[in-house]
Amino acid sequence: MRDALGAVQSILVLGGGSEIGIATVKALAEQRCRTVVLAGRHPEQLEPVADDLRAAGVTTVDLVAFDAADPASHEQVLTTIFSDHPDLDVVLLAFGVLGDQDAFAADPVSAAEAAVTNYAGAVSSGLVVAQLLKEQGHGTLAVITSVAGERARADNFVYGSTKAGLDAFAQGLGDSLVGTGASVMVVRPGFVRTKMTAHMEDGPMATTPEAVAADIVAGLKSGAHTVWSPAKLRPVFGILKLLPRPIWRKLAASR
Ligand SMILES: NC(=O)c1ccc[n+]([C@@H]2O[C@H](COP(=O)([O-])OP(=O)(O)OC[C@H]3O[C@@H](n4cnc5c(N)ncnc54)[C@H](OP(=O)(O)O)[C@@H]3O)[C@@H](O)[C@H]2O)c1
């Protein structure tokens, strides 16, 4: 349960190795968060992060195996986590794969696998988390989507379409939870310098995982339903979404 000042005291990160996710838990640790559960494909690789969090004052750090691409496992894995940690204030859905549009075109099965991770796996785990938050009577599911879902680009439309679907899912789930005590916060970052984008040149308004984490923490504190990171992307995409397709194609190709 959040403390009297509304500070988050416990968080579960799905995709626990995410640089944005780790920056977020580190920022929350500075604000009295005392329980962190990192759930990822290779939990043993997260030990150094766990050590950092303990040094920052987090009293309980749990590393758990979780595969977004295995929806059939989600109910059991998440129910066990909630039973081991009966009072989770926030669940941050941070897993995702970017992939490569040309590689997806050459191997459509790999594109479908990315869609399973980014979308189907988020639908499955998101629905289970929503039910568990409803049962405990409080808690926020923060879902990291992307501005790539705001308008499809020819050079990354497989990824962009998974994020568009995820964003719509998260909005609808949030609306369905109104009045239950549980809530959903959609997080829409632009280009963030993490291992996911390490091979790429900076996109427009590129930012850092720490800056996105600060926006997420601020959004959790204010009870926002949507967080753009950086915030100026909101008016920018308000305009970009209205551009005629030929102009958008040219603009997207020139970046
Ligand atoms: N970086 C950007 O520019 C940017 C912009 C907008 C949105 N986003 C979104 O922000 C989220 C976090 O990304 P990030 O930038 O922090 O990149 P990141 O450090 O690469 O984090 C992505 C995480 O997803 C995990 N993951 C991938 N497939 C998984 C699976 N099947 N099961 C469980 N975990 C899985 C990865 O696990 P492993 O460590 O095992 O590989 C990794 O820890 C993603 O949803 C991404 O799409 C990123």
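Atoms within a ligand are numbered from 1 in the order they appear, just like the ligands themselves. The figures here come from the full heavy-atom set of this structure, side chains too, leaving out hydrogens, waters and symmetry mates.
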message = Walk me through whether Gln9 and Arg32 qualify under side chain to side chain contact (heavy atoms under 4.5 Å, CB included).
response = CA-CA 6 Å; Gln9 302 203 80; Arg32 303 187 299 282; 5.7 Å; no
task = Show your working on side chain to side chain contact (heavy atoms under 4.5 Å, CB included) between Val186 and Val227 and close with a plain yes or no.
result = CA-CA 6 Å; Val186 176; Val227 169; over 6 Å; no
message = Pair Val37, Val64 - check side chain to side chain contact (heavy atoms under 4.5 Å, CB included), show working.
response = CA-CA 7 Å; Val37 184; Val64 180; 3.8 Å; yes
query = Would Leu141 and Ser183 satisfy side chain to side chain contact (heavy atoms under 4.5 Å, CB included), going step by step from the backbone distance to the final call?
reply = CA-CA 6 Å; Leu141 171 63; Ser183 60; over 6 Å; no
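Residue contacts with ligand 1, taken as heavy atom pairs separated by less than 4.0 Å, involve Asp67 via backbone and side-chain atoms alike. Neither the backbone nor the side chain of Arg193 comes within 4.0 Å of ligand 1, counting heavy atoms alone. Residue contacts with ligand 1 for Thr117 involve side-chain atoms from C-beta outward but no N, CA, C or O (heavy atoms, distance under 4.0 Å). With a 4.0 Å heavy-atom cut-off, ligand 1 is reached by the side chain of Lys163 but not by its N, CA, C or O. Contacts with ligand 1 closer than 4.0 Å are made by no heavy atom of Leu98, backbone or side chain.
Of all protein heavy atoms, the one lying nearest to atom 3 (O) of ligand 1 is Val192 N, 2.7 Å. Among all protein heavy atoms, the one lying closest to atom 7 (C) of ligand 1 is Thr145 O, 3.1 Å. Regarding atom 22 (C) of ligand 1, its nearest protein heavy-atom neighbour is Gly96 O, 3.7 Å.
Residue contact check: Ala68 has heavy atoms under 4.0 Å from atoms 30 (C), 31 (N), 32 (N), 33 (C) of ligand 1. Close approach of ligand 1 to Lys195 is summarised as follows: ligand atoms under 4.0 Å from at least one heavy atom of the residue are 18 (P), 19 (O), 20 (O), 43 (O). Heavy-atom contacts of Phe191 reach the following atoms of ligand 1: 3 (O) (cutoff under 4.0 Å). Within ligand 1, counting atoms from 1 as listed, the ones closer than 4.0 Å to a heavy atom of Thr197 are 1 (N), 2 (C), 3 (O). Residue-ligand proximity, His42 to ligand 1, at heavy-atom distances under 4.0 Å covers atoms 40 (O). Those atoms of ligand 1 that come under 4.0 Å of a heavy atom in Ala69, given as number and element, are 31 (N). Counting the atoms of ligand 1 from 1 in the order shown, those under 4.0 Å from a heavy atom of Phe66 are 32 (N), 33 (C). Close approach to Tyr159 involves these atoms of ligand 1, each under 4.0 Å from a residue heavy atom: 7 (C), 8 (N), 9 (C), 46 (C), 47 (O).
Annotation: Phe95 places an N or O atom under 3.5 Å from an N or O atom of ligand 1; distance criterion only. Remark: ligand 1 and Arg41 share an N or O pair separated by less than 3.5 Å (distance only, no angle test). For a threshold of 3.5 Å applied to N or O pairs, the pair formed by Gly16 and ligand 1 contains no separation below that value. Ligand 1 has no N or O atom lying under 3.5 Å from any N or O atom of Ser146, backbone or side chain. On a distance-only criterion, Val97 and ligand 1 share no N/O pair closer than 3.5 Å.
With Leu12 as the partner, the side chain to side chain contact (heavy atoms under 4.5 Å, CB included) test is satisfied by one option alone out of Val90, Leu38, Leu93, Ile81: Ile81.
Taking all atoms of both residues into account, the shortest heavy-atom contact from Ile144 to Lys163 is O-NZ, 3.2 Å. Between Ala206 and Arg193, the shortest heavy-atom distance links the atoms CB-NH2, 3.7 Å. Nearest heavy atom pair, residue Val192 against residue Pro209, reads CG1-N, 3.5 Å. Across all their heavy atoms, Lys134 and Ala182 have their closest contact at N-CB, 4.0 Å. The shortest heavy-atom contact between Leu173 and Leu127 is CD1-CD2, 4.1 Å. Across all non-hydrogen atoms, the minimal contact from His138 to Asp89 is CE1-OD1, 3.2 Å.
Looking at heavy atoms from C-beta onward, Thr140 lies in side-chain contact with Met185 at the 4.5 angstrom threshold. Proximity of Phe66 to His74: side-chain heavy atoms (C-beta onward) are separated by under 4.5 Å at one or more points.
Heavy atoms of Ile22 come nearer than 4.0 angstrom to ligand 1 in no pair at all. Using a non-hydrogen distance threshold of 4.0 Å, Gln45 does not register as a contact of ligand 1. Within the 4.0 Å heavy-atom shell around ligand 1 one finds Gly190. Residue Ala94 places a heavy atom under 4.0 Å from ligand 1.
For the residue pair Gln171 and Asp167, a side-chain donor N or O sits within less than 3.5 Å of a side-chain acceptor on the partner.
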